[in-house]
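Numbering of ligands and ligand atoms starts at 1, following listing order. Predicted, not measured: the structure shown is a model, and the values here were computed from it.
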Amino acid sequence: MCGIVGYLGNKNAKEILLSGLKELEYRGYDSSGIAVLQNGKFDSFKAIGKLVNLEEKTKDFVTDNFSIGIGHTRWATHGKPTELNAHPHIGDESYVVHNGIIENYAELKQELITDGVTFLSQTDTEVIVHQFEKNLNISDSAFEAFKKTISELKGAYAILLVTKSTGETIFFAKNASPMILGINDENEKYFASSDTPLIGQCSDVNYFEDGDYGYVTPTELVIFTKDDVKKEAIFTKLSTNKLSAQKDGFRFFMEKEIYEQSSVIADTLLGRLSDDEILFNELDDSLLNGINEIKLCACGTSYHSALTASYLFERYAKIKTSTEVASEFRYRQPIMSKDTLFVVISQSGETADTLETLKMAKAAGLKTLVICNVDNSSMVRLADACILTRAGVEKGVASTKAFATQVTIFWMMALYLAKRNTSLSSQEIAKQIKFLREVPSIVKVDDEMHERIKRLSKRYLHGHGFFFIGRDVFYPLALEGALKLKEISYLHAEGYPSGEMKHGPIALADPELFTIALLPQHLLYEKAKSNVEELSARDSTICVISSQEFDKADDFIPINECTDYMLEFFEMMIVIQVLSLEIAVRLGNDVDMPRNLAKSVTVE
Ligand code: F6R
């Protein structure tokens, strides 16, 4: 998804902007650009594809004086990924970068064309800079023109704009798209659409609120609220830990993140387990009083963890639970009753569809909770309560450790609710907590297992598709396995409940159809086994993941014998992640930045 950086100061603006954009690469993009104003002169560069192309284009460009600059990585929404459509967009004497979508761009563009403006791109963003310059002609100051322009925009935006007449000023505006300002003792000002580019550069950051707009100069920071009231920035300390952003010797961030799951799950559990109860200090009793139902809403991988939660909540806490895909929920005029706790799940906390459902639930007066990995993200700031997953920065576009920590939180939450509802005995809760404590060691990647999967992966590079099948919580895990594989290998894969195969999908079974069967020993083993036998009888190529040997399988990936099905869940999770990784590596794909995908989906 698009990323924004901005810089005002005396240091090497070009390097600062480029390295800031590099930190945002993990979000996914297809073009990039920068514009710098120094000594009264603008220089601007754009390139399609990876940032190295932009680095190449700027290699002879030198910034060694005071300057202001803006930069952008673009993930195409309006118009193809071309240089003309890449940001920054230019007016006569101004440049703009923008994340989000300007919903009324078509009508603004029509008026500007009638006024004689020529557009160079197909983007919605370009209207901002032309509208600004139109307003500049009729305003007393550039800021007045900027303010008027912002008031004329409808939609979601994080905007940085620079113009020649105020050569020491960066204008900014934020609405429903993240934007952060960072400062340090050297009187520099940095902007970014997420924390990562600011780590190591800034000591303190201000997270802008929806509707905020204003400007910075070397000596000023002026912020107005959406109601045009001047306000002070609220600065908080920025973490200095950049180590987590390195690959630590692994081939890909995704691989490193798979291996990190043991330590991040230990963090997730930290301080939240006693011998016989789950401690969520972040949850207030008032959040759950009067709640008879839970609705979970999310997208993609986070949806799969939500689906897992729905089994655990009903089984352990005996509370009615439903799960919704956010992009569907937001437009289907759902009935929302006030005895429902509305829970959104998001790694980033910025996914547009999920964020919108949270706003809907709030507007309907529901109590809201977010399970999120990014503190201070839009969802965290909006929800009534928040449980952080503590997975650390996840850079691989294909989510792994975020999913693992979400499921861990949900397992804990099921027990937390079970205690409240007295639906499990204290002994049963204590037993489950013992299992939970085992998860960090269960998810340690065993070298032998990794090597075995690496060798096995060469048999799965062709065929006409994969079925991942499982029952109960292994059904969402099957969905997640299929999603992981298709995201990074570009092979066709579907997840199914094992019992559904005979209702249609089994028609596809033949030796070129690969079935990855999740066969837990401790949950519906016999039932799931018969479903695999049905596929085996139709000559599908079967790869079984289980602790129990299965003679009808063509391939077998053993997991350790565990005492509980949720521990088997985590064992198998590692297997499907590593299997997807190794297949994608053999196919020569860029595992960390799969084609067409973005890390943080801030458009609907
Ligand atoms: C898949 C993946 C996506 C995200 C989805 C929601 O590996 O990462 O499916 O899970 O885009 O993102 P968040 O969790 O940030 O709301």
Side-chain angles (χ1 to χ4, degrees), residues 1-3 24 26-28 75 176-178 193-196 252-255 257-258 261 296-309 323-330 343-359 369-380 382-383 386-407 409-410 468 476-490 493 495 573 576-577 579-581 584 589-604:
M1 200 53 40
C2 305
L24 295 172
Y26 72 97
R27 294 165 61 88
W75 190 72
S177 201
S193 48
S194 81
D195 285 350
T196 25
F252 297 98
F253 280 113
M254 182 186 175
E255 185 177 34
E257 287 159 6
I258 291 172
Q261 290 177 112
L296 302 156
C297 200
C299 300
T301 288
S302 295
Y303 172 76
H304 299 155
S305 77
L307 201 54
T308 311
T323 313
E324 306 273 355
V325 171
S327 55
E328 282 299 306
F329 186 76
R330 65 183 286 192
V343 184
V344 286
I345 306 93
S346 176
Q347 187 284 127
S348 61
E350 303 295 348
T351 302
D353 285 321
T354 313
L355 181 60
E356 191 52 39
T357 65
L358 177 59
K359 289 181 184 164
L369 169 69
V370 58
I371 311 296
C372 193
N373 194 36
V374 181
D375 200 3
N376 281 312
S377 58
S378 301
M379 286 182 220
V380 169
L382 194 63
C386 154
I387 301 179
L388 290 176
T389 45
R390 305 177 183 164
V393 176
E394 189 178 61
K395 285 207 160 191
V397 166
S399 182
T400 51
K401 60 178 182 166
F403 173 75
T405 53
Q406 287 169 349
V407 175
I409 291 283
F410 280 134
F468 282 70
L477 187 61
L479 290 174
E480 177 59 8
L483 181 65
K484 280 298 82 83
L485 183 67
K486 68 185 145 204
E487 278 183 298
I488 58 174
S489 72
Y490 317 141
M573 177 196 77
I576 57 165
Q577 292 170 346
L579 180 64
S580 306
L581 173 83
N589 298 343
D590 184 345
V591 168
D592 284 334
M593 271 175 273
R595 70 183 185 205
N596 304 338
L597 295 182
K599 183 68 189 161
S600 182
V601 187
T602 48
V603 291
E604 67 172 291

Fill in: Test item, T400 contacting ligand 1 (heavy atom, 4.0 angstrom)
no
Fill in: Per-atom contacts, ligand 1 versus V397 - under 4.0 Å to a heavy atom
7 (O), 8 (O)
Item to complete: Flag the pair S193 / L24 as yes when at least one side-chain heavy-atom distance between them is below 4.5 Å, and no otherwise.
Response: yes
Discussion item. Any side-chain to backbone donor/acceptor pair from T351 onto D353? Under 3.5 Å, distance only.
Written reply: no
Discussion item. Using a 4.0 Å cutoff against the non-hydrogen atoms of S346, which atoms of ligand 1 qualify?
Written reply: 13 (P), 14 (O), 15 (O), 16 (O)
Worksheet item: N/O to N/O below 3.5 Å, does that happen between Q347 and ligand 1?
Response: yes
Worksheet item: Counting each atom of ligand 1 from 1 as listed, which ones have a heavy atom of S302 under 4.0 Å away?
Response: 10 (O), 13 (P), 14 (O)
Discussion item. Here's a test for you: under side chain to side chain donor-acceptor pair (under 3.5 Å), which of E480, E257, E394, Q347 qualifies with S399?
Written reply: E394
Worksheet entry | Q261 side-chain N/O to A404 backbone N/O, donor-acceptor pair under 3.5 Å | no
Worksheet item: About how many Å separate SG of C299 and NE2 of H304, when rounded to the nearest 0.5 Å?
Response: 10.5 Å
Worksheet item: So among E487, K484, M593, K395, which one has a side-chain contact (heavy atoms from CB on, under 4.5 Å) with M254?
Response: K484
Discussion item. Contact between ligand 1 and K484 is defined here as a heavy atom of the residue under 4.0 Å from a ligand atom; is it met?
Written reply: yes
Practice prompt. Any atoms of ligand 1 less than 4.0 Å from a non-hydrogen atom of A398? List them with their elements.
Written response: 7 (O)
Worksheet item: Quick check: does S399 get an N/O under 3.5 Å from an N/O on ligand 1?
Response: yes
Worksheet entry | Flag, side chain of D592 to backbone of F253, donor-acceptor distance under 3.5 Å | yes
Worksheet entry | Numbered atoms of ligand 1 (with element) below 4.0 Å of E487, judged on heavy atoms | 1 (C), 2 (C), 7 (O)
